[in-house]
Structure formats: C-alpha cells, structure tokens
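Note that ligands are numbered from 1 as they come in the structure, with each ligand's atoms numbered from 1 the same way. Residue indices begin at 1 and follow the sequence shown.
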Amino acid sequence: MASSWKLADHPKLPKGKMVAVVVLDGWGETSPDKYNCIHVAETPAMDSLKKSAPDKWRLLKAHGTAVGLPSDDDMGNSEVGHNALGAGRIYAQGAKLVDQALASGKIFNDEGFNYIKQSFANNTLHLIGLMSDGGVHSRLDQLQLLLKGAGERGAKKIRVHVLTDGRDVLDGTSVAHAETLEKDLSELRGKGIDAQIASGGGRMYVTMDRYENDWQVVKRGWDAQVLGEAPHKFKNAVEAIKKLREAPNANDQYLPPFVIVDDGGKAVGPVLDGDAVVTFNFRADRMTMLAQALENEKFDKFDRVRMPKIRYAGMLQYDGELKLPSHYLVSPPLIERTSGEYLVNNGIRTFACRYSHSSFKEVDTVFLSMYNSETVKFGHVTFFWNGNRSGCFNSEKEEYVEIPSDSGITFNVKPKMKALEVGEKARDAILSGKFDQVRVNIPNGDMVGHTGDIEATIVGCKAADDAVKTILDAVEKVGGIYVVTADHGNAEDMVKRDKKGEPLIGKDGNVQILTSHTLHPVPVAIGGPGLAGGVKFRKDVPNGGLANVAATVMNLHGFVAPDDYETTLIEVA
Ligand SMILES: O=C(O)[C@@H](CO)OP(=O)(O)O
Ligand SMILES: [Mn+2]
Ligand SMILES: [Mn+2]
C-alpha cells in the first residue's frame with residue numbers, strides 16, 4: 001500500500017468489528033402530524049434507536065451549505081448526501097459550481113463552450129434537461145443564463161428540449177416554468193435568433209432513468225429530441241403541457257413525450273449532423289444514460305435509428321471514471337480520497353477462512369465491503385458514495401450487489417419495493433462473516449414519498465423499518481456495530497406549508513402535496529454489541545452534518561480519519 005493511504009490506528013477503538021452502515025433514503029426528522037408518514041407508520045426499530053440510547057442518537061444537517069449546496073434554502077438530495085457521507089468532506093457541488101461559472105463568465109471561455117460554439121454559425125444548438133427550479137438536477141435560472149450567453153456569442157438557432165419536473169417542485173409548476181422559458185425565447189427571437197422549445201416530456205417517463213433501470217425511458221426521449229418523433233404533436237409547449245395534464249391521473253413527472261411541429265406538421269427541432277447538444281443538468285445519475293447514447297459510437301441499449309454527428313457537452317462531466325461525457329461546460333467537484341478508497345487500501349484483520357487455512361491466522365490487506373440496494377438507488381451507495389466514480393476500487397475486496405427494482409410502475413403501486421430483499425441480502429452478507437463493512441440503502445421513504453401518495457408512503461416507511469430490524473438482528477448475532485442514518489428528508493413531510501408551518505391549501509381546496517425532499521435534519525444512531533464501552537456522540541459538534549459520518553465510521557473500524565476530513569461525531573469516555 002502506498003504510504004499516503006495509511007490510516008493511523010485509533011488510540012482506543014479496536015479493529016475487526018463488522019460495521020453495518022445503513023442509509024434510509026428520504027428519512028428526515030420533524031414534528032409529528034398526519035403528514036409525517038414516518039411518524040404515522042409503525043417503525044419500532046427506528047423508534048427504539050431513538051428512545052433507548054440518547055447519547056447514541058442525534059440529528060445531522062443534510063441540506064444546504066452543510067452538503068455543499070449554494071444556500072441553506074436548498075433541500076438535500078441523494079447525490080450531495082451520499083457524496084458527503086462517503087467523502088467525509090464538504091465539496092462545492094454542481095449547483096454551486098455552475099452558479100459560480102455563470103457569474104464569472106468563465107463558463108463561456110472554457111473548453112466545453114468553445115467546443116460547442118463551433119456549431120453556432122451554421123447549425124443548431126440544442127439544450128436538453130430538466131425544466132425546474134428545484135436545484136437537485138438543474139435550475140431554470142441557469143438555463144436562462146446559458147441561453148442568453150449563447151445568444152450573445154453567436155448562436156443563431158437554438159432548440160430547447162424540456163423535461164417537466166413535479167418531483168423536486170410542486171406538481172403543475174411545469175406550466176409556469178414553460179411560460180418563463182417561452183418569454184426568454186421570444187426575447188431571443190426579437191434579437192433575430194431562431195429560438196424555440198422543440199420537445200418535451202415528464203422526467204420519469206422521458207429520458208431521466210438511472211442506473212440502467214429502464215432504457216425505454218431514454219429511448220422515448222431520444223425519439224422526441226433527436227429524431228423529432230413523438231405520439232403527441234403541438235404547435236406550442238405551454239399548450240402541450242396544459243393539454244397533456246388534462247388526461248386522468250396525468251402529472252408533471254410522467255407526462256408523455258411530445259414534439260413541437262411547424263404549420264406543415266414537421267418537427268421543429270430534430271438533432272442533425274453538425275449540431276451542438278448540451279445536457280444542462282448538473283447532476284449525474286439521471287443524465288449518464290442519455291450521455292452514453294449521445295456520445296458512444298458503439299451502443300446497443302436501443303436502436304438509435306439515426307446517430308447524428310454532433311458536438312456534445314454536458315453541463316458537468318457526469319462520470320469521472322468513464323470520463324463521460326468527454327466535453328463539459330463546468331468541471332465537476334473533484335472528490336478524491338473518499339472513505340471507501342481509504343478503507344479498501346487499509347487492510348484490516350479478518351478471520352475469514354476463505355483467505356486462510358487456519359481460521360485464526362492473521363490475514364492483512366483484506367478489507368471486504370458489501371454494498372447493496374435495489375436498482376433505482378444502487379448507484380447511491382456506490383457511485384455517489386465513491387465520489388461519482390463507477391465501478392469499485394478493488395474488485396477483490398469489494399462486492400456490489402444490486403437487487404433489480406420493479407420497473408414500469410410508480411412506486412406507490414408497490415410501496416414495499418425490494419426492502420425485504422435488500423434487508424435479507426444485507427443480513428446474509430453480515431452473517432457470512434466475509435465482510436467488514438456492509439453498506440445498504442433502503443429506498444422506500446424517498447421513492448414512495450416522491451409519488452405524493454401518503455397512504456403508500458406509510459406502507460413504505462414500515463417496510464423500510466422492517467429491513468432495518470432484519471439488519472440490526474444480524475449485527476447483534478455477529479457482535480457487530482451499526483450506523484443507521486439517512487441522506488435527506490422526504491417522507492417525514494408530505495405537504496407544502498406556510499411560514500407558520502400550517503399546510504397550504506391549493507386552488508382545488510385540497511392540501512398541496514409535497515413530492516420533494518425537505519430541509520429537515522436526519523437521524524444518525526450507533527450501537528450494537530461490538531461497540532466499545534464508553535463510545536458516545538460528542539456534545540461539541542452541534543452543527544454536525546452528513547460529512548461527519550465518514551470519520552465516525554473509520555473510527556468504528558479502528559482507524560483515525562485523515563486530518564482534512566470533517567471531524568468524527570464520537571468520543572470514547
Ligand atoms: O429521484 C431523484 O432523482 C431525486 C429527486 O429529483 O431524488 P434522490 O436525490 O433521492 O435520488
Ligand atoms: Mn435520497
Ligand atoms: Mn429522492
């Protein structure tokens with residue numbers, strides 16, 4: 001091992017304990033009422049962590065500047081949350097880096113913009129992404145500045161391909177967003193630039209799949225954006241969105257794909273040879289599939305029919321390992337020396353007979369970890385945890401297990417999702433004795449919370465709690481340690497509130513359902529028979545956030561975290 005990777009031994013805490021790191025997705029803490037699904041659901045395992053050991057349970061900041069977002073008005077999300085959990089430091093995240101690059105104008109001078117600019121004189125600039133001010137994947141104000149900047153720098157023809165949100169923002173806000181965008185585009189037209197929205201669709205049905213759960217989602221987008229083909233054709237995007245929202249059960253997240261056509265019925269913005277394409281989402285996970293389709297010569301995930309020769313740039317580079325895409329407007333946060341890489345590089349003593357004839361022979365340089373979740377969250381505890389790197393650091397020491405998610409349904413239909421299976425896989429991994437760390441993501445609070453279905457979310461929260469119980473029981477059996485936490489809030493508040501905290505009523509007389517994440521803190525609990533006596537949460541880290549978890553977990557493995565990591569949450573009395 002290179003000496004720079006060597007972690008110092010913890011002065012008091014032993015090595016060799018199995019540590020289970022459990023991340024409940026979308027599981028925040030707030031006051032109890034009927035819109036707090038975690039409160040309403042039966043969650044005995046999580047409740048007992050809170051009640052039984054007050055010095056081993058606390059809250060952590062999971063939003064805003066604590067996770068590298070531009071301001072404390074920004075809710076947390078899985079990318080920034082798992083980045084902080086795994087990296088142990090707070091990095092300025094994509095949202096903030098793009099803000100800075102736009103404010104300074106640097107974005108327009110760097111390689112990525114200069115590359116796409118070569119298409120401006122004779123071809124079209126296409127901008128594809130999420131039309132939202134949620135700040136999780138993209139922001140409308142950033143798109144507006146990008147459009148203005150491209151117009152000022154010679155773009156003659158611009159086509160915007162919008163994906164409607166309703167997940168990070170209230171359902172129905174897509175109409176106002178499209179109107180705002182149309183106004184900007186008409187201003188550009190006033191300056192002689194041929195600028196229009198060319199296609200659209202709901203993010204969850206068109207384009208923004210992740211972790212290869214369902215390539216058909218990306219194909220629907222490809223057909224509309226690149227080929228100019230979709231089942232619905234309209235003259236104008238605002239009209240399209242309004243009309244498609246009239247269908248029973250329609251919502252912004254799942255709007256069907258549409259294209260804008262001219263008077264002759266011809267799509268106004270297919271992507272053609274010589275064009276430039278920018279995917280303007282800064283967040284990676286839901287853009288990498290489209291990025292592969294736009295960038296890779298060889299591609300077999302669906303029939304692209306026509307693969308135009310384009311200049312393609314991402315808002316950011318989405319995958320640092322695969323260098324995908326190769327051109328980008330803003331450099332992503334350089335997240336290095338993550339806790340996963342350190343731990344893999346610091347052999348700890350194991351008693352796994354798989355590595356030795358005598359089960360008590362010391363074997364060094366073996367650190368096995370096992371990460372698992374189901375498909376829709378799989379990359380969270382691997383890709384995001386490892387600083388937006390796909391693949392493992394060392395395949396002999398890490399095993400990534402993925403449980404296929406249900407696909408083609410919204411998760412309120414099956415709110416238990418694969419929580420049982422995730423819990424059982426984690427249990428088996430813990431009991432196998434092969435792993436020093438077992439890391440899992442339990443998705444229900446978040447994925448079901450995003451549907452806005454309160455009854456289903458309650459069922460999902462209970463299923464998540466059952467999975468926690470399965471894992472805690474296994475930790476108990478092997479004498480291990482657990483760290484249970486969450487990446488950001490969601491299921492604990494399902495309604496939009498006024499400043500006083502009262503639920504807001506919409507035009508239809510019903511409460512306004514909140515499908516998004518929240519600004520609430522998340523719990524973290526430690527324990528298990530392997531936890532050394534006297535270990536408890538320090539009182540002098542009152543502002544602790546997700547980034548403090550990595551040093552804590554390193555301690556529990558018997559190491560001291562590197563100096564530049566955010567401080568540990570624990571002390572040994
Ligand atoms: O589904 C997603 O992409 C986001 C919300 O936009 O949720 P999470 O950050 O929990 O993955
Ligand atoms: Mn999440
Ligand atoms: Mn979410």
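In this comparison of Ser78, Ser132, Gly26, the heavy atom closest to atom 9 (O) of ligand 1 sits on Ser78. By heavy-atom distance, the residue among Met75, Arg210, Met204, Glu79 lying nearest atom 11 (O) of ligand 1 is Arg210.
Put simply, Asp487 gets within reach of the Mn ion (ligand 2), with an N, O or S atom under 2.8 Å from it. Taking backbone and side-chain atoms together, Ser78 has an N/O/S atom less than 2.8 Å away from the Mn ion (ligand 2).
In this view, Lys414 satisfies the side chain to side chain donor-acceptor pair (under 3.5 Å) rule with no residue, not counting sequence neighbours.
Looking at Asn490 against ligand 1, nothing comes within 4.0 Å, counting heavy atoms. Within the 4.0 Å heavy-atom criterion, the part of His450 lying near ligand 1 is the side chain and not the backbone. Contact annotation for Arg203 and ligand 1: only side-chain heavy atoms (C-beta onward) come within less than 4.0 Å of the ligand. With a heavy-atom cut-off of 4.0 Å, Asp446 touches ligand 1 through its side chain alone.
Counting only N and O atoms by type, the side chains of His126 and Gln225 include no donor and acceptor under 3.5 Å apart.
Centred on the Mn ion (ligand 3), the angle running from His450 (NE2) to Asp446 (OD1) is recorded as 90°, rounding to 10°. Angle subtended at the Mn ion (ligand 2) by His488 NE2 and Asp25 OD1: 110°, rounded to 10 degrees.
Ion pair Asp168/Arg203 flagged as a salt bridge, since at least one NZ, NE, NH1 or NH2 atom sits closer than 4.0 Å to an Asp/Glu carboxylate oxygen.
Distances below 4.0 Å separate heavy atoms of His488 from the following atoms of ligand 1: 10 (O).
For Asp285 (side chain) and Glu79 (main-chain N/O), no donor-acceptor pair under 3.5 Å exists by modelled atom type.
Taking the six-membered ring where tryptophan is involved, the planes of Tyr254 and Tyr205 are tilted, since the angle between them lies from 30° to 60°. Ring-plane geometry between Trp215 and Phe299 is classed as perpendicular, the angle between the planes exceeding 60 degrees on a 0 to 90 degree scale with a lower cut at 30.
Residue contacts with ligand 1 leave out Met447, since none of its heavy atoms falls under 4.0 Å from the ligand.
Between His137 and ligand 1, at least one pair of N/O atoms sits closer than 3.5 Å.
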Considering only distance and modelled atom types, tabulate donor-acceptor pairs under 3.5 Å from the side chains of residues 325-332, sequence neighbours left out.
unit_1 : atom_1 : unit_2 : atom_2 : d
Ser326 : OG     : Glu295 : OE2    : 3.1
His327 : ND1    : Glu111 : OE1    : 3.4
His327 : ND1    : Glu111 : OE2    : 2.9

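Taking the six-membered ring where the residue is Trp, the centroids of His450 and His517 are separated by under 6.0 Å.
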